[in-house]
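See below for the structure under consideration.
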Amino acid sequence: MKDFLLVLIQHYGYAAVLLSTALGIIGLPIPIEFLLLFAGSITAQTHLPVQGIIAFAWMGTVLGMITNYALGRYIGFQRMSRVTRWIHLTEDKMNRWSIRFQKFGPLFIVTGFFVAGLRHIAPFIAGASRMRFAPFIGATMLGSLGWVGIFAFLGQRLGHYGYTLLKLAHHPLPIALLLLLIGAVVLYLRTSGFKMKPVGHKRAYNK
C-alpha cells in the first residue's frame, strides 16, 4: 500500500496527499503514518517541498474528521442503536456517554489522534452526540496539527528507523506483552494487599 501511495503522490502531487489522509481518517486502510514519517524521503522522490506535504496532510486530516463528524450527526445514536442493541448497547447508554462527551469531547479528540482507531471513531461520536461544531473544529485543528507535526518531525530525525518503529508499534506481539505486563502488575498489587493511602492521611499517636 505504501508503494501505491507513493506512486499516487508522484503523479497527482498535493491532491493525492490531501485525499489519502482524508480517506485514511474516514476509515480506509491507508498508511497515513508512513506518509508523515517519510515526508522527507517522499520530498526527494516527488520534488514536493516537505512543508507542502505536511500542510496538505493536515488539511486532509481535518477534512476526514469533518466528514466523520457529519456522518455521526446524520446517523445519530437512535439509528446506531438498531444495530448495537444486540450487544446490549442501547440508545440510553449512548446518550449517557454523549453527556460526558459534551464535557470532555475536545480533550478526547486531541488525544485520540495518537491512538489508532480512536481518531476514526472520535469525530463520529462527536457528531452523534451533537457536540457543537466550534469546539469540535478547534480541537480537530489543534490535535491534527500536533499529530502531523510530531510524526513528520520524528520521521526526519529517525530516518529509516522510523519505519521499523512503526511496524513494531502496529505488531500485535508488543501490544500483547504490554497488556500482560499491566495485568501482572495489577494482579500482584491485588494479591499482595497493596492499598493506596489517602492524601493528607495522618497517623494517630498515643499521648
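- Looking at heavy atoms from C-beta onward, Phe124 lies in side-chain contact with Ile75 at the 4.5 angstrom threshold.
- Sorted by first and then second residue, the pairs that involve residues 126-150 and meet side chain to side chain donor-acceptor pair (under 3.5 Å), not counting sequence neighbours, are Trp58-Ser144.
- Shown here for Leu48 and Ile9, the closest heavy-atom pair between the two residues is CD1-CG2, 3.9 Å.
- Counting only distance, with no hydrogens or angles, the side chain of Asn68 and the backbone of His120 share a donor-acceptor pair below 3.5 Å.
- Between Pro135 and Pro106 the shortest heavy-atom distance is CB-CG, 4.4 Å.
- Taking hydrophobic clusters as Ile, Leu, Val, Met, Phe, Trp and Tyr residues chained together by side-chain heavy-atom distances below 4.5 Å, Ile150 does not share a cluster with Val110.
- The two residues Ala139 and Phe113 have their closest heavy-atom pair at O-CE1, 4.4 Å.
- There is no path of hydrophobic side-chain contacts, each under 4.5 Å, that joins Leu142 to Ile54.
- Applying the side chain to side chain donor-acceptor pair (under 3.5 Å) definition to pairs two or more places apart or across chains, none involves residues 9-22.
- Under the rule for a side-chain contact (heavy atoms from CB on, under 4.5 Å), the partners of Leu23 that lie at least two apart in sequence or sit in another chain are Leu19, Ile26, Leu28, Ile30.
- Using a 4.5 Å heavy-atom threshold, the side chains of Met65 and Phe136 count as touching.
- The shortest heavy-atom contact between Phe114 and Arg119 is C-NH1, 4.5 Å.
- Contact detail for Ala22 and Leu63: the closest heavy-atom pair is CB-CD2, 4.2 Å.
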* Asked: Could you walk me through whether Leu145 and Val62 pass the side chain to side chain contact (heavy atoms under 4.5 Å, CB included) check?
  -> CA-CA 9 Å; Leu145 181 61; Val62 173; over 6 Å; no
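- Counting heavy atoms from C-beta outward, Ile125 and Met131 have side chains that stay 4.5 Å or more apart.
- Of the inter-residue distances, the one linking Leu18 atom CG with Thr61 atom OG1 reads 8.5 Å to the nearest 0.5 angstrom.
- One hydrophobic cluster, built from ILVMFWY side chains closer than 4.5 Å, cannot hold both Ile109 and Leu107; they sit in different ones.
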